[in-house]
J.: 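Quick one: the structure is below, and I'll ask about it shortly.
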Amino acid sequence: MEMFRTLRGLTAPNYYSPLIPSPSSDLRYNHIREVPTDAFAGLSHLHTVFLNENQLRRIEPGAFRGLLGLKYLYLNKNRIVEVAPSAFDSLDRLQSLFLYGNQIRRIPEGAFAGLPALKRLRLDDNPLECDCSLLWFRRVLHEARQMLLATSSCATPEQLVGKSLADLGEDDFHCTKPEIVSEPRDIEISNGQTAVFTCKAHGDPRPEIVWMLDAGEIHSDDTRINVLPDGSLRIDEVTAADAGMYECRARNNMGQVQSRPARMVVSNEVIETEAEAPKFIQTPPAEVELKVGAALVLHCVVSGAPTPSILWKFNNQNIQNGRIKLFGNGSLILPVATLDDGGVYSCYAGNAIGNVSVNATVQVNAAGPASTSAAPDSSALPPSSSPTLPSTPAGTSVQDETVSPAASTTLTVKDSRSPKRPDSTDSGSNSDSDSTALLNSTYSFDEDSKSI
């Protein structure tokens, strides 16, 4: 039976005193798949954590926050594919980090920036892709080579297989600075229409696109304003406040480049524009699989003139469920999915020139049944698999953590000199022709977001 374990947290005892908390936590062989944010809150006394030999797949942001005294962290021999950019934040005293024997291909830039005391980093036996996305890490290794002992090797590309990342030169990465190949153009538009500024750039690593309005970077929570997957800027329901000079900036770790400025003029008069049939800019995946309770998010972004109206259907019926929210930019969000929400979701977009549609098949799976398993007895482990623990004060021990018969694991650090704590239990159908008629007539939202 499949094992599923989530490390919910570690609890330091406070029911008897005086207590001498254990300085180490040995959590190996517990089939732990997830260490969520703040799992170790309140355990600032720990200086060693063994999480190796589990089934971890991702290190969440802030997973080890609160371990203020941590010096040694063992995450080797898991199934880690992804490390969040802020996974190791606030570990100011960490000296050794072991990540070897995982499935890490890429490392987000700055992943180890919050580790000022780091002296030992093992990333060997990972399928690292030594492309331009890792150039920043190679630079870190060169700058810190006198203070940091790190092991890592390339799995791709073919010409770099087996080579140490620290031994590569910058020319080995064949990176290129960003180059803007499609610049924004001036726009004159009427109040309430949709404006799209184009910006496409090439470069390796793939450039990040940011937009500027009147020389200031756009940081807006306004749902009308969105940067599209191709880098273009889309502004729905334009108002006079949106007028100004727009520029796009493309940047990667090789440099940055800025486009020509493009002016947007907003008029109260109706401005005739060249008619354009609807065209998809972003569509939902053809197949989506998620578990009960997860959020369903489908994007359907369309361009065209006049601005196309968007209609969503579920199993060929207009969506009437008030739990579902539709946004003016074409997105559909269902915060909590149930088994009944599985089916075919269709996005229809149309204006006076034409119509387009796209389908997404959604499968909602029930949460897997919890299974019961006890952590192996440390006395039965082969000598080679038993780590050498730092010495502990007389009368203390690191107690084996017990896996409870639930979908999550709660682990407790106890003092062997204290009496045992008593056990406790944790606690109407429409056809496609109907859709066309709706889209060619008036079908619009009065607000940025509307429940239907």
Side-chain angles (χ1 to χ4, degrees), residues 2-8 27-40 49-65 73-89 91 94 96-115 118 120-138 140-141 150-158 160-166 173 204-206 208 229 253 285 287-291 293-297 363 365 367-368 407-409:
E2 186 180 8
M3 304 289 292
F4 180 80
R5 296 287 181 262
T6 299
L7 179 61
R8 294 294 183 189
L27 311 177
R28 299 171 303 148
Y29 307 106
N30 277 295
H31 302 278
I32 298 171
R33 290 188 177 181
E34 180 185 0
V35 181
T37 301
D38 293 326
F40 292 86
V49 171
F50 295 97
L51 271 167
N52 48 304
E53 313 283 352
N54 279 291
Q55 298 176 11
L56 297 175
R57 297 188 62 84
R58 170 181 161 85
I59 306 300
E60 299 291 341
F64 304 103
R65 190 165 49 205
L73 179 57
Y74 293 80
L75 294 166
N76 49 291
K77 296 186 178 179
N78 277 282
R79 302 175 184 177
I80 298 171
V81 175
E82 184 178 4
V83 177
S86 55
F88 304 112
D89 281 2
L91 299 181
L94 189 68
S96 298
L97 175 58
F98 300 93
L99 284 163
Y100 64 89
N102 282 289
Q103 298 298 317
I104 300 171
R105 295 180 179 275
R106 296 177 179 272
I107 304 171
E109 186 167 357
F112 309 117
L115 303 175
L118 191 64
R120 184 81 168 95
L121 175 62
R122 285 196 59 181
L123 277 163
D124 44 301
D125 197 17
N126 278 288
L128 291 178
E129 297 179 359
C130 293
D131 56 15
C132 289
S133 66
L134 278 184
L135 178 58
W136 72 271
F137 187 45
R138 179 261 177 200
V140 168
L141 295 180
T151 54
S152 60
S153 59
C154 302
T156 59
E158 184 177 354
L160 299 180
V161 172
K163 292 188 177 181
S164 170
L165 186 60
F173 291 87
D204 193 2
R206 181 180 177 180
E208 175 194 11
N253 53 23
E287 296 183 356
V288 178
E289 188 173 349
L290 68 160
K291 291 184 179 181
L296 172 64
V297 180
Q363 179 178 337
N365 300 321
S408 62
T409 303

J.: Is a side-chain N or O of Thr37 found less than 3.5 angstrom from the main chain of Pro61, in a donor-acceptor match?
T.: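 Confirmed, Thr37 side chain pairs with Pro61 backbone.
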J.: Any donor-acceptor pair under 3.5 Å linking the side chain of Asn30 with the backbone of Ile32?
T.: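 No, because the side chain of Asn30 does not come within donor-acceptor range (under 3.5 Å) of the backbone of Ile32.
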J.: Decide, yes or no, whether a salt bridge links Arg58 with Glu34 under the criterion of side-chain N to carboxylate O below 4.0 Å.
T.: no
J.: Side-chain contact test, heavy atoms from C-beta onward, threshold under 4.5 Å: evaluate it for Phe98 versus Leu73 and give yes or no.
T.: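 A side-chain contact under 4.5 Å is absent here.
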J.: Is Arg122 close enough and on-axis enough to Tyr100, meaning under 6.0 Å and within 45°, for cation-pi?
T.: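 Yes, Arg122 lies over the aromatic ring of Tyr100.
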J.: Taking salt bridge (Lys or Arg N to Asp or Glu O under 4.0 Å) as the definition, give me every residue that meets it alongside Glu53, ordered by chain and number, with sequence neighbours left out.
T.: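 Listed in chain order: nothing, the list is empty.
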J.: For the atom pair CZ (Phe137) and CG (Asn253), what is the distance rounded to the nearest 0.5 Å?
T.: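 Answer rounded to 0.5 Å: 14.0 Å.
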J.: Using a 4.5 Å cut-off on heavy atoms from C-beta on, say whether the side chain of Val81 contacts that of Arg79.
T.: no
J.: Report the distance from atom CZ of Phe173 to atom SG of Cys154, rounding to the nearest 0.5 Å.
T.: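 The distance works out to 6.5 Å.
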J.: What distance do Asn52 atom CG and Arg28 atom CZ have between them, rounded to the nearest 0.5 Å?
T.: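 Going from CG on Asn52 over to CZ on Arg28, the span is 6.0 Å.
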J.: Relative to each other, are the rings of Phe64 and Phe88 parallel, tilted or perpendicular (30° and 60° limits)?
T.: parallel
J.: Taking His31's backbone N and O only, do any of them form a donor-acceptor pair with Asn54's side chain (distance below 3.5 Å, no angle check)?
T.: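 The answer is yes, because a donor-acceptor pair under 3.5 Å joins these two groups.
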J.: For residues Leu128 and Ile104, determine if any side-chain heavy atom of one lies less than 4.5 Å from a side-chain heavy atom of the other.
T.: yes
J.: Donor-acceptor check, side chain of Asn102 to backbone of Asn78, threshold 3.5 angstrom: yes or no?
T.: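 Side chain of Asn102 to backbone of Asn78, a donor-acceptor pair under 3.5 Å: yes, one is there.
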J.: Could you walk me through whether Glu129 and Arg106 pass the salt bridge (Lys or Arg N to Asp or Glu O under 4.0 Å) test, one step at a time?
T.: CA-CA 6 Å; Glu129 297 179 359; Arg106 296 177 179 272; 3.0 Å; yes
